[in-house]
Amino acid sequence: MMRLHGLIFAVTLVPLITMIAAYTISLTQHLVPNDHVIPWISSMIDFSPAANIGAFGLSMTSFLLIIFVFTKYRFNTLVIDVNSGNRAKLHTRNNINLAVGVIFGVGLNGMSCFPFHVSLIAHLLFMNMFFISGAIYVILVTHLDLTIKAAYKRTRILRLCFCVVVVISCIVMTVLSGVYYQEAPTQKFFLDIAASLQVVLATSYFIFFASYYRELTLVTVNFEVKWKEMRTPLLGTVNFHS
């Protein structure tokens, strides 16, 4: 039996500490372009030694993130089973949330495994997968929580605020990132804003998970190993004391 306090803290604090450490090393070691005031997240996992810490921390976060997504999926399943609404439709929505959440975690892992300067296309692919699926996951899981009332009222309001921040940050960051391919006097200014919004977006994701502390600490996770049905015991002749 395992309580989920540690999971909530880990999935929130590990990426935040990782980003702070990697950003600090990148800036002090001059590993980011000098013409940008605010570096992109890709910059902190691009060159060693910052890349070592950044990639390791984000890879660990992706693993914790997928565990969180599955745990939230099971929690919603329990709530839906006692809900008087349309259970089949709610279970379908919950399954979609699970799929999007897994893509969310895989995108983060892929982004950290393929450095920008080594595998540009792969890095951009996984980075977009992470940010886009993350925004979709936050919106979908919040909408389902509102439907099944799987959270306290103030918490639901807080998550709606996160949804607004995520949507605005994602849209504005995408639009401003387009100036990367344009030669304009304001290019540097817009790219710095876009980089800032990328940090805000990623930070919002991880702090969003902390809002589930109260709900998920109401349940426990059990890992159980059982024999499959068989005619004779597999270990019937084994002497463990010899």
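- Nearest heavy atom pair, residue Ser59 against residue Cys113, reads OG-SG, 4.3 Å.
- Here the closest non-hydrogen pair linking Val69 and Asn97 is CG1-O, 4.5 Å.
- The side chain to side chain donor-acceptor pair (under 3.5 Å) pairs that include a residue from residues 157-172 are Asp145-Arg159, Arg159-Ser211, Arg159-Glu215, where partners are two or more places apart or lie in different chains.
- Taking the side chain to side chain contact (heavy atoms under 4.5 Å, CB included) definition, one finds that Ile148 meets it with Asn76, Val79, Ile80, Asn83, Leu90, Leu144, Ala150, sequence neighbours left out.
- Sorted by first and then second residue, the side chain to side chain donor-acceptor pair (under 3.5 Å) pairs with a member in residues 8-23 form an empty list; sequence neighbours excluded.
- Annotation: side chain to side chain contact (heavy atoms under 4.5 Å, CB included) contacts of Met60 (sequence neighbours excluded): Val14, Phe56, Leu64.
- Atom NE2 of His143 and atom CG of Leu140 lie 9.0 Å apart (nearest 0.5 Å).
- Residue Leu146 is found in a hydrophobic cluster whose other members, listed by chain and number, are Leu160; membership requires side-chain heavy atoms under 4.5 Å apart, directly or through intermediates.
- Aromatic pair Phe208/Tyr212: centroids less than 6.0 angstrom apart.
- In this structure, the side chain of Gln198 engages the main chain of Ile41 through a donor-acceptor pair within 3.5 Å.
- In this structure, the separation between NZ on Lys89 and OG1 on Thr92 is 9.5 Å, given to the nearest 0.5 Å.
- Residues satisfying the ring pair (Phe, Tyr, Trp, His ring centres under 6.0 Å) criterion with Phe206, sequence neighbours excluded, are absent altogether.
- Residue Leu120 is grouped with residue Leu58 when hydrophobic side chains (ILVMFWY) are merged at heavy-atom distances under 4.5 angstrom, including chains of intermediate members.
- With rounding to the nearest 0.5 Å, the separation of OH in Tyr137 from CD1 in Ile103 is 12.5 Å.
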Q) Does the pair Tyr205 and Leu201 meet the rule for a side chain to side chain contact (heavy atoms under 4.5 Å, CB included), with working shown? A) CA-CA 6 Å; Tyr205 289 158; Leu201 190 57; 3.6 Å; yes

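- How far CZ of Arg87 is from CG of Asn94: 14.0 Å, rounded to the nearest 0.5 Å.
- Note: Phe114 and His123 fail the aromatic proximity criterion, with ring centroids not under 6.0 Å apart.
- The distance from the CD1 atom of Ile96 to the OH atom of Tyr73 is 11.5 Å, given to the nearest 0.5 Å.
- Under the 4.5 Å side-chain contact rule for hydrophobic residues, Ile168 and Phe131 share a cluster.
- Residues that satisfy the side chain to side chain contact (heavy atoms under 4.5 Å, CB included) test with Phe70, not counting sequence neighbours, are Ile66, Leu98, Val102.
- Aromatic rings of Phe9 and Tyr213 (six-membered ring for Trp) have centroids within the 6.0 Å cut-off, being under it.
- Within a 6.0 Å radius of CZ in Phe63, no more than 12 heavy atoms belonging to other residues, nucleotides or ligands are found.
- Residues satisfying the side-chain hydrogen bond (donor to acceptor under 3.5 Å, both in side chains) criterion with Asn52, sequence neighbours excluded, are Ser48.
- Residues meeting the salt bridge (Lys or Arg N to Asp or Glu O under 4.0 Å) test with Arg93, sequence neighbours left out: none.
- For Ser119, there are no side-chain hydrogen bond (donor to acceptor under 3.5 Å, both in side chains) partners, not counting sequence neighbours.
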Q: Output, in order, the C-alpha distance, side-chain angles, deciding distance and verdict of side chain to side chain contact (heavy atoms under 4.5 Å, CB included) for Lys72 and Phe209.
A: CA-CA 10 Å; Lys72 175 59 177 169; Phe209 300 137; over 6 Å; no

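- Under the 4.5 Å side-chain heavy-atom criterion for grouping Ile, Leu, Val, Met, Phe, Trp and Tyr, Leu125 is not connected to Ile136 through any hydrophobic cluster.
- Rounding to the nearest 0.5 Å gives a distance of 11.0 Å between CG of Leu124 and CE of Met111.
- The two residues Phe116 and Ser42 have their closest heavy-atom pair at CB-CB, 4.3 Å.
- The hydrophobic clustering, which links ILVMFWY residues whose side-chain heavy atoms are closer than 4.5 Å, places Val141 and Val164 together.
- Taking each heavy atom of Val166 and Ser204 in turn, the nearest pair found is CG2-CB, 4.2 Å.
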Q) Going through the distances and angles, do Ser62 and Ser112 end up as a side chain to side chain contact (heavy atoms under 4.5 Å, CB included)? A) CA-CA 9 Å; Ser62 68; Ser112 64; 5.8 Å; no

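- Nearest heavy-atom pair, Val199 versus Thr203, reported as atom, atom and distance to 0.1 Å: O-OG1, 2.7 Å.
- Through direct or indirect side-chain contacts shorter than 4.5 Å among Ile, Leu, Val, Met, Phe, Trp and Tyr, Val165 is connected to Val200.
- Take Ser196 and apply the side chain to side chain contact (heavy atoms under 4.5 Å, CB included) test, not counting sequence neighbours, and it matches Ile38.
- Ring geometry for Phe130 versus Phe104: interplanar angle under 30°, hence parallel rather than tilted (30 to 60°).
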